[in-house]
There are 2 protein chains.
Amino acid sequence: MTQDAFSKTPITTASDQVFVDMRREIVEGTIEQGSKISEPELAKRYGVSRATLREALNRLESCYLVERKANVGCRVVALTAERLIEVYEVRSALEGLACRLAADNMAADEVQSLKQLLNQHLQTQRVKEGESYYQEAGDLDFHYRIIKGSKNDHLIHLLSNGLYQLIRMYRVQMGMVGPRVSKAFDEHLAIINAIESHDGELAELLMKRHISASQANVQNKFDLLAAQKSAVNK
Amino acid sequence: MTQDAFSKTPITTASDQVFVDMRREIVEGTIEQGSKISEPELAKRYGVSRATLREALNRLESCYLVERKANVGCRVVALTAERLIEVYEVRSALEGLACRLAADNMAADEVQSLKQLLNQHLQTQRVKEGESYYQEAGDLDFHYRIIKGSKNDHLIHLLSNGLYQLIRMYRVQMGMVGPRVSKAFDEHLAIINAIESHDGELAELLMKRHISASQANVQNKFDLLAAQKSAVNK
DNA sequence: TTCTCTAAGATTGTCGACAATTAATGACTA
DNA sequence: TAGTCATTAATTGTCGACAATCTTAGAGAA
């Protein structure tokens with residue numbers, strides 16, 4: 001049976017499948033951000049009944065990808081600079097915590113495996129310098145492993161099933177590429193070193209800084225877009 | 001129209017009502033922690049169809065009060081010492097953040113109003129020394145106001161709609177009373193003073209400590225219960 | 001023209017019934 | 001007696017239809 005690549009839970013029911021499919025389409029922008037969702041239309045498109053679709057919508061709502069109003073309907077969440085700040089403030093606090101916990105709770109072999117993953121990223125990075133691979137799968141995988149290393153199930157769920165899709169959405173649709181790639185690598189290295197020496201306080205600090213830098217990066221993109229827009233409007 | 005006392009959103013649909021009712025029953029223990037939920041039975045009890053009930057269950061799941069397994073069903077979350085630690089770790093990080101933000105973003109009149117509330121609590125406390133009022137409505141109200149003062153909507157939603165009911169559940173069902181009442185008051189006072197002087201760093205630290213103390217309190221209760229149990233089993 | 005109100009249309013909320021899956025019962029075998 | 005398998009019962013997942021609500025279009029009045 002297939003399983004969800006993020007929550008690692010098996011996909012059994014039809015609404016599971018619709019949920020995963022819609023999530024991908026929303027994160028990748030196939031279903032446009034801010035757009036209204038028509039239940040009858042989407043139900044037809046996915047070949048399921050409205051009840052099944054609504055089940056999926058409920059779950060999308062609980063990971064912040066759609067917003068509902070009673071008797072009005074669903075909207076895909078809109079990406080705004082304000083919301084980006086809010087989400088990253090929360091992310092920083094939670095992943096900072098995860099990192100501190102990981103410094104205590106991550107098993108030695110998990111740490112080794114993560115270091116290996118980093119080396120692998122380095123290779124890949126050299127080959128496709130500046131491309132988005134690292135920022136996508138690679139970077140996320142790094143963060144995922146640390147989150148998992150916290151061994152705090154509630155935290156893991158909150159981040160993996162809750163916040164991460166929204167963060168991914170910002171990064172995918174804002175098109176994160178460029179010179180931050182190599183800098184991010186160094187930051188990852190410093191973090192894993194702090195974890196390896198069980199220095200939770202340092203690991204937390206470094207992770208928070210890493211995330212701040214990442215935020216500034218997305219923020220820049222927003223500013224650029226805003227500048228473009230105001231130039232066009234002249 | 002009535003409205004939800006916690007999320008402040010209006011209760012319009014039938015599933016809204018069922019959600020709020022069930023939430024209260026679960027938090028207060030009327031619906032027993034860890035127990036299995038029968039959809040047909042509860043639907044009959046609340047006088048709604050299964051579809052409506054399932055809508056409510058979905059929402060209860062997203063605030064961590066029930067857990068679902070595909071083709072198996074729902075269970076009310078079980079209160080365990082391990083989970084308590086996990087939840088409080090997350091809570092500490094998030095409310096610490098809220099407190100730091102509140103030091104920057106809370107309006108002067110909001111601060112004044114909160115100080116007034118504290119005074120009011122002091123009066124009440126004197127009257128019903130040792131009773132659970134303070135720990136319930138009062139303490140929660142204090143925390144709510146600070147969370148709201150963070151002005152971070154995502155954080156506010158995450159705490160008010162997400163984590164807080166679960167925390168309430170632990171506190172209500174573990175029966176929080178006793179000598180911590182007056183100590184908690186002093187801690188609250190110190191926190192609001194830090195916020196008033198816009199010292200975010202201090203406010204965050206104090207809040208985290210305050211929450212740690214609160215956790216230790218619930219933890220004690222767990223240990224006591226465990227000791228009782230093992231004594232009975234002899 | 002602009003605003004208000006009304007009526008039609010479309011969308012969401014809710015229901016009861018059926019299909020698919022899981023859990024419980026009991027017969028059968030070792 | 002204990003364990004395994006098949007059958008039955010109960011529960012969850014899914015569907016299509018109806019009811020309640022909101023939105024839109026258009027007529028009429030100021």
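The chains referred to below are lettered A, B, ... by the order of the sequence lines, with proteins before strands, and numbering in each begins at 1.
With pairs defined as Watson-Crick or G-U wobble and both atom distances under 3.5 Å, the stems of at least three pairs that touch DNA chain D come out as C:1-30 with D:1-30.
Side-chain atoms of Ser49(A) and Arg54(A) include no donor-acceptor pair closer than 3.5 Å.
Using modelled atom types, one side-chain atom of Glu110(A) and one backbone atom of Ala107(A) make a donor-acceptor pair closer than 3.5 Å. A donor-acceptor distance shorter than 3.5 angstrom exists from the side chain of Asn152(B) to the backbone of Glu86(A), with no hydrogens or angles considered.
Exactly one residue among Asp21(B), Asp4(B), Asp16(B) makes a salt bridge (charged side-chain N to carboxylate O under 4.0 Å, His left out) with Arg59(B). That residue is Asp16(B).
Side-chain contact between Phe6(A) and Arg23(A): present, with at least one pair of heavy atoms (C-beta onward) separated by less than 4.5 Å.
Ionic pairing of Glu39(A) and Arg50(A) is present here: one or more N-O contacts between side-chain nitrogen and carboxylate oxygen are shorter than 4.0 angstrom.
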Report summary line: Under a 4.0 Å heavy-atom criterion, the protein footprint on nucleotides 5-20 of chain C, written with B, S and -, is ------SBBBB-----

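In this structure, Tyr164(A) and Tyr144(A) have tilted ring planes: the angle between them lies in the 30° to 60° band.
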